[in-house]
Amino acid sequence: LWKFMSAFQQCLSPWKFQHPLSQQQFAEEERQWEATEVKEADRVPDTMQTPDVPPLTPAKDQFQEELVIRPLHSGDIYASFQFRTMWDTDFLRGSKVSHYRLFPKSLGQVISKFSVRELHISFTQGYWRTMQWGQPFLPSPPGAELWVWFQDTVTDVDGAWKELTNVLSGIFCASLNFIDSTNTVQPSASFKPLGLGNVTDQRFLRYAVLPREIVCTENLTPWKKLLPCGSKAGLAVLMKSEKLFHSSFHSQALHFRPVCQDWKCKSTVWELRQTLNVVFDLHTSGQGKRGERSLKCYSMVIMQACVVFPLQGELFELSPTTPLLSQAVVLGDRRTYSVYDLTNQATFGQTRSLNMLLRWRAAESGDMLRPLLHGERYVAGYGLQTGEIHTLMYNNHPYRAFPVLLLDTVPWYLRLYIHTLTVTSKGRDNKPSYIHYQPSKDRLRPHLLEMLVQLPPNSVTEVTMQFERALLKWTEYTPDPNHGFYVGSSVISALVPSVVAMDTNSTRECPLFSSFFPCKEESSYFMRVYTEPLLVNLPTPDFSMPYNVICLTCTVVAVGYGSLYNLLTRTFQVEEPSPGLAKRLANIIRRLRGVPLL
Amino acid sequence: MAAPLTLLLIVAVTIRAVLFRSSLAELIPERVEVVSPLNAWKRVVEGLALLDLGVSPYAGDVFHEVSPLSIPLNESNPSIHPSIMADALTAVALYLAVKDYNKTVFRKQKYALEAERYPLDCLELIRTPKEMYYIPLKVAMFYLLNPFTILSCVAKSTCGLNNAVIALFILCTVKGSSLMSAIFLALATYQSIYPLTLFAPALLYLLQRLYIPVNWQRSSFWLFTTQYTFMYLGSLCVMVCLSFFLLSSWDFLSSVYGFILSVPDLTPNIGLFWYFFAEMFEHFRLFFICVFQINVFFYTIPLSIKLKEHPIFLIFMQIAIISIFKSYPTVGDIALYMAFLPAWNHLYRFLRNIFLVSVVLLACSALFPVLWHLWIYAGSANSNFYYAITLLFNVAQILLVSDYFYAYLRREHHLTHGLYLKRKDGSEATLVLK
């Protein structure tokens with residue numbers, strides 16, 4: 001952690017700009033931070049405390065950034081960066097957008113060329129361990145994920161998608177060009193638009209996952225370049241790739257969508273949200289026990305007052321303290337965050353630097369509240385002929401059942417048998433109320449399975465399905481075929497009852513009138529859970545043998561052809577023994593001499 | 001003769017019923033030797049499940065049956081599965097067909113003898129009613145008790161159904177019913193293209209039965225040929241249109257016939273196609289697919305010319321060639337032509353390497369599961385092992401078939417030229433192909 005922190009010594013910049021001018025100032029304001037003993041920190045939501053964005057800026061675009069640091073129950077540190085650019089422009093109609101200020105031009109051109117309405121792309125290295133870490137703010141599957149809603153004016157969606165993936169592949173230095181019809185699907189229900197708009201015809205949606213994609217610095221650099229100041233100012237200065245990738249989990253994402261301009265929602269603006277989520281593993285970085293861990297920190301932190309753990313009280317203390325506290329319900333969980341507003345001079349004090357100390361109050365943090373929804377997946381069976389995919393969905397809510405949408409995309413070379421689909425909860429058959437199944441076509445499209453399943457309270461629901469492994473052409477195997485083939489994560493989307501609503505502990509200080517019925521306005525929230533990707537082995541031919549096989553098989557066919565040809569074209573004849581050589585020579589001489597032959 | 005046949009049927013059904021209830025019933029349908037993507041029962045069930053979900057079974061690449069045949073197959077009566085009934089039907093049809101055919105053969109032989117057309121020393125080649133008496137029963141037995149048929153039946157492979165249709169076609173042809181013959185031939189073609197090549201022998205047999213010589217100048221020849229062709233094509237059209245109206249789409253054409261002809265599924269089987277096309281260079285693929293598919297149909301014309309006097313033997317040859325060279329062969333296909341072997345037991349003395357071939361076939365049948373296990377489950381062998389066995393198995397089949405062809409031609413030669421041929425100098429002669 002020490003190292004980790006020292007990498008961050010660099011600078012801290014104000015974390016909220018409202019207009020580009022302030023941004024330039026920021027760049028100037030960079031300063032060095034002293035490495036001092038500090039403890040962990042935590043930080044958080046920005047927009048929450050200052051929801052009313054200074055509205056009177058003449059610029060049509062604005063930029064905000066924030067970093068949330070959250071100590072996880074496993075002892076790791078979860079850092080979530082978010083950068084948001086909002087721009088009131090029209091990418092689609094009228095004159096071409098040519099003047100770019102905060103919004104990245106490379107992306108803007110792509111969006112207007114392909115008439116993209118919504119674009120979500122994420123690159124993730126590592127798997128988010130829901131049971132240890134709780135829910136992430138923004139879930140993402142391992143590998144690369146891309147889903148796009150096109151405008152309903154697009155006629156050739158497949159063509160636009162193909163081109164778009166190739167362009168994005170160049171922008172992000174990723175293998176998105178491997179997205180083709182064999183891994184693209186059109187989910188009917190799981191991926192609805194997140195932004196404004198009422199077009200929900202799945203014809204304009206394309207979804208693809210590349211579970212094998214390796215994410216590394218070459219993807220981070222182009223991602224950082226999309227920020228208005230790159231990594232030169234703002235929170236982005238903290239993103240040093242050697243530290244970011246020395247972590248248990250790394251996920252960078254980009255979300256583009258139309259949103260309301262203000263609460264009245266009279267007009268829409270385009271929002272580009274770039275997020276980076278990292279989990280730093282404190283144990284592997286050689287730190288001691290939790291109590292003594294020190295961390296150099298650099299940014300504002302919000303402490304969790306943890307109303308969800310009322311019995312344990314506050315788990316850690318934070319210094320310096322901040323007067324700004326914010327309470328927010330995120331993922332159904334109400335927490336109080338300490339907010340350090342770096343645009344506020346008071347946050348820094350005289351030193352023009354901010355050092356944070358977080359001290360754990362208790363050596364053990366107690367039990368984490370189990371995530372209400374959780375998914376797992378694995379392949380059962382042995383051998384290379386058949387197998388069975390098991391997907392487990394956990395509903396940990398003590399008394400509420402809720403429906404979930406399960407989306408499975410399986411490549412064509414694992415031939416699924418839909419008639420072997422079983423869904424069982426608590427030992428009983430649980431018939432899905434909705435099934436959308438699209439069988440695969442060899443070398444053309446994958447299997448798509450979407451199901452709406454009701455998860456009974458406090459239960460595990462198991463979905464199993466048998467498949468058969470295909471033998472591919474030898475040119476279709478990946479360079480290391482015995483490593484196996486990846487199958488993308490299942491996506492579980494659900495409206496989950498809120499933990500807050502579950503909380504019947506009335507020791508909290510709230511107005512009495514609000515605490516009688518447990519259900520409140522946040523009674524349920526949307527959640528998406530990704531399961532593990534699968535790694536499946538396929539039978540392989542011998543790659544060194546194409547010539548031999550062609551020769552041998554052709555020989556066998558030739559044996560068949562030859563023996564029949566022989567019998568068809570020849571007739572039986574009595575074999576007359578041919579005379580010996582001496583006799584033939586003698587006959588030649590005799591013929592010359594004119595005497596009778598022998 | 002009805003009693004032994006009934007007994008045989010009872011025994012065969014009992015064996016199958018017992019196997020259906022044993023633990024093998026789960027194991028056998030997974031064997032690649034027994035089921036192919038074309039005829040696996042699992043895929044039929046999958047097609048019906050897709051239909052239940054409101055998806056066309058041909059939307060995916062799992063179901064490759066022609067629909068009207070498989071839909072009534074839905075397991076309504078689990079005690080006697082349709083595949084058992086299909087096997088019994090095949091056996092009875094073959095029994096009746098061979099019985100009738102033997103009568104014809106015997107009659108012809110009698111006329112030839114009376115006309116003193118056979119050389120004197122050929123008397124030992126003459127077939128006696130005594131040895132011909134049990135042939136139909138043996139044929140039925142060869143089909144019903146052949147382990148290949150039993151495996152295929154226990155796997156509920158729809159191959160048994162195809163065999164039944166072909167057997168009925170042979171029966172109708174032998175009985176001389178040209179309409180039924182055309183209908184069943186169309187049905188067989190509709191199921192899996194390849195029986196198309198049986199058109200020529202059926203036509204030859206029916207012409208022979210009606211004493212119409214194969215003569216291009218004769219109008220009666222053309223009349224009958226046109227008539228038979230029309231019946232065949234007409235019923236084929238009706239079936240294809242029926243399929244179309246059932247799902248109101250032509251998807252099944254590419255999903256069934258396109259699948260058979262272009263061989264996209266390279267799941268290992270006992271044939272020659274899978275490994276060859278898995279290892280094929282992409283730019284030669286189309287060429288070799290054409291070569292291999294033409295190879296199946298190619299032999300029809302020369303064989304028909306050579307064997308125009310012996311259409312039933314020609315049917316045997318064609319079925320054997322189809323089952324060796326087709327794109328997705330299974331052991332069920334082999335069982336059908338092997339059932340005819342007792343009908344040619346008078347050729348036994350002319351077979352050259354029947355012992356070797358039988359041993360190779362037996363050894364290969366035993367090695368298939370062993371090498372499959374080593375490759376797929378144990379991981380200690382690779383695909384070449386299994387491939388080598390398929391090669392050997394096919395070579396053995398080719399030798400078997402060509403040996404029977406050789407023996408048949410040789411016997412015919414002896415029947416015209418005498419059994420003990422002499423050289424010019426009077427010494428004992430050997431017969432060679434020249």
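Lettering of chains follows the sequences in order, A, B, ..., and the numbering in each one begins at 1.
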**Q** In plain terms, say whether B:D265 and B:R43 are close enough for a salt bridge, that is, a side-chain N and a carboxylate O under 4.0 Å apart.
**A**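 Yes.
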
**Q** Once side-chain hydrogen bond (donor to acceptor under 3.5 Å, both in side chains) is applied, do any residues pair with B:Y275, and if so which ones, sequence neighbours excluded?
**A**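 B:E279, B:S383, B:N384.
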
**Q** With chain B as the partner chain, list the residues of residues 474-494 of chain A whose heavy atoms fall under 4.5 Å from it, by residue number, and write 'none' if nothing qualifies.
**A**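 Answer by number: A:W474, A:T475.
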
**Q** Is A:R445 in contact with chain B via its backbone, its side chain, both, or neither, using a 4.5 Å heavy-atom distance?
**A**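 Interface part for A:R445: side chain.
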
**Q** Go through the atoms of A:L472 and report whether side chain, backbone, both or neither lie under 4.5 Å from a heavy atom of chain B.
**A**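 Looking at A:L472, just its backbone touches chain B.
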
**Q** Strictly less than 4.5 Å between heavy atoms, which residues of residues 408-419 of chain B line up against chain A? Please order them by number.
**A**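 Hits under 4.5 Å: B:L409, B:R410, B:H413.
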
**Q** Quick one: which of A:T420, A:I435, A:L552 has the most heavy-atom pairs under 4.5 Å with chain B, could you say?
**A**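 Sorted descending by pairs with chain B, the first entry is A:L552.
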
**Q** Heavy-atom pairs under 4.5 Å with chain A - which of B:W375, B:F284, B:F325, B:Y386 has more of them than the others?
**A**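 Heavy-atom pair counts peak at B:W375.
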
**Q** Hey, is the main chain of A:P187 close enough, under 3.5 Å, to the side chain of A:S190 for a donor-acceptor pair?
**A**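 No, because the side chain of A:S190 does not come within donor-acceptor range (under 3.5 Å) of the backbone of A:P187.
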
**Q** Quick one: what part of A:E468 sits under 4.5 Å from any heavy atom of chain B, side chain, backbone, both or neither?
**A**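 Interface part for A:E468: side chain.
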
**Q** Are B:F276 and B:F292 an aromatic pair, judged by ring center distance below 6.0 Å?
**A**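 Between B:F276 and B:F292, which both carry aromatic rings, the centre distance is below 6.0 Å.
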
**Q** Ignoring hydrogens, what is the shortest heavy-atom contact between B:S327 and B:N269? Give both atom names and the distance.
**A**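 That closest heavy-atom pairing would be O-ND2, 3.8 Å.
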
**Q** Relative to the ring of B:H64, is the ring of B:F259 parallel (under 30°), tilted (30 to 60°) or perpendicular (over 60°)?
**A**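 Because their plane-to-plane angle is under 30°, the rings of B:F259 and B:H64 count as parallel.
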
**Q** Quick one: do B:E282 and B:R285 make a salt bridge, cutoff under 4.0 Å?
**A**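 A salt bridge links B:E282 with B:R285.
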
**Q** Based on non-hydrogen pairs under 4.5 Å, which of A:L471, A:T540, A:V549, A:V557 is most in contact with chain B?
**A**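 Result: the option with the highest number of such pairs is A:V549.
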
**Q** Among B:F298, B:W274, B:F288, B:F277, which has the most heavy-atom pairs under 4.5 Å with chain A?
**A**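 Most heavy-atom pairs under 4.5 Å with chain A: B:F298.
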
**Q** What distance separates A:L452 CG from A:K431 NZ, expressed to the nearest 0.5 Å?
**A**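 The NZ atom of A:K431 is 12.5 Å from CG of A:L452, to the nearest 0.5 Å.
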
**Q** Please look at A:Y565 and chain B and tell me whether the side chain, the backbone, both or neither of the residue comes under 4.5 angstrom of a heavy atom of that chain.
**A**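 The answer is neither part of A:Y565.
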
**Q** Using modelled atom types and a 3.5 Å cut-off, is there a donor and acceptor pairing between side-chain atoms of A:N548 and backbone atoms of A:M545?
**A**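 Side chain of A:N548 to backbone of A:M545: no pair is present.
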
**Q** Among B:L421, B:L391, B:N382, B:V395, which residue forms the greatest number of heavy-atom pairs with chain A at distances under 4.5 Å?
**A**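 Max contact count across the listed options: B:L391.
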
**Q** Select one option (side chain, backbone, both, neither) describing which atoms of A:T386 are under 4.5 Å from chain B's heavy atoms.
**A**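 Only the side chain of A:T386 comes within 4.5 Å of chain B.
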
**Q** Could you name the residues of residues 404-417 of chain A that have a heavy atom within less than 4.5 Å of a heavy atom in chain B?
**A**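 Contacts with chain B: A:R415, A:L416, A:Y417.
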
**Q** Who among A:L567, A:L384, A:V556 has the most heavy-atom pairs with chain B under 4.5 Å?
**A**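 Ranked by contacts with chain B, first place is A:L567.
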
